[in-house]
Amino acid sequence: MNSMGMNELTAMKQVLDSMETSVKLRSQARAERRAEEAERAKRAFQEKLMLSAKSKLELEGMASGVKGAQDAVQRDQLMFMMMAGF
């Protein structure tokens, strides 16, 4: 091969190497974006799970309070009936 042919081959190899590097970088950037999106989705899910657990605890507390109030009313009625001689 003459020297002109070698220069063309070298230039083509550099272009191909550059294209390969560009493809690798784009692929890596996409993978990083997907990982970040997955992490955001995981955090959002965990936050919803925590809110759900908190709501459940609050509802259980309210139900317990209502049950306690009902028990107190029944106890007061029973005491009144006992005092009234029923």
Side-chain angles (χ1 to χ4, degrees):
M1 261 190 202
N2 62 28
S3 68
M4 184 65 165
M6 287 299 283
N7 285 340
E8 288 174 0
L9 284 176
T10 301
M12 287 177 77
K13 181 171 180 359
Q14 288 175 342
V15 168
L16 289 175
D17 288 346
S18 176
M19 289 172 65
E20 181 182 11
T21 300
S22 177
V23 167
K24 286 179 182 177
L25 289 173
R26 280 197 308 268
S27 178
Q28 182 180 355
R30 276 194 302 272
E32 288 173 1
R33 276 195 306 275
R34 281 194 303 269
E36 289 169 359
E37 289 168 5
E39 184 61 31
R40 277 194 296 275
K42 179 183 171 185
R43 281 195 306 267
F45 176 74
Q46 288 174 333
E47 185 175 326
K48 287 178 183 176
L49 205 55
M50 298 269 294
L51 288 172
S52 175
K54 181 181 174 189
S55 295
K56 181 180 179 213
L57 286 174
E58 288 173 350
L59 286 174
E60 288 173 352
M62 289 169 60
S64 177
V66 168
K67 176 76 171 104
Q70 288 174 338
D71 290 348
V73 168
Q74 287 178 349
R75 187 181 59 244
D76 291 347
Q77 288 174 344
L78 183 60
M79 290 295 289
F80 175 76
M81 289 171 59
M82 288 172 56
M83 292 172 75
F86 288 103

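We count residues from 1, following the sequence as given.
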Counting distance only, does the side-chain N/O of [X] pair as donor-acceptor with the main-chain N or O of [Y] below 3.5 Å?
X: T21; Y: D17; answer: yes
X: S52; Y: K48; answer: no
X: T10; Y: M6; answer: yes

Kindly compute the distance separating [atom1] ([X]) from [atom2] ([Y]), expressed to the nearest 0.5 Å.
X: L9; Y: Q14; atom1: CG; atom2: CD; value: 11.5 Å
X: R34; Y: E37; atom1: CZ; atom2: CD; value: 8.5 Å
X: S22; Y: R26; atom1: OG; atom2: CZ; value: 4.0 Å
X: R75; Y: M82; atom1: CZ; atom2: CE; value: 12.5 Å

Legend entry - side-chain hydrogen bond (donor to acceptor under 3.5 Å, both in side chains) between E32 and Q28, intermediate numbers included: CA-CA 6 Å; E32 288 173 1; Q28 182 180 355; 3.3 Å; yes

Legend entry - CD/E47: more than 12 non-hydrogen atoms of other groups inside 6.0 Å: no

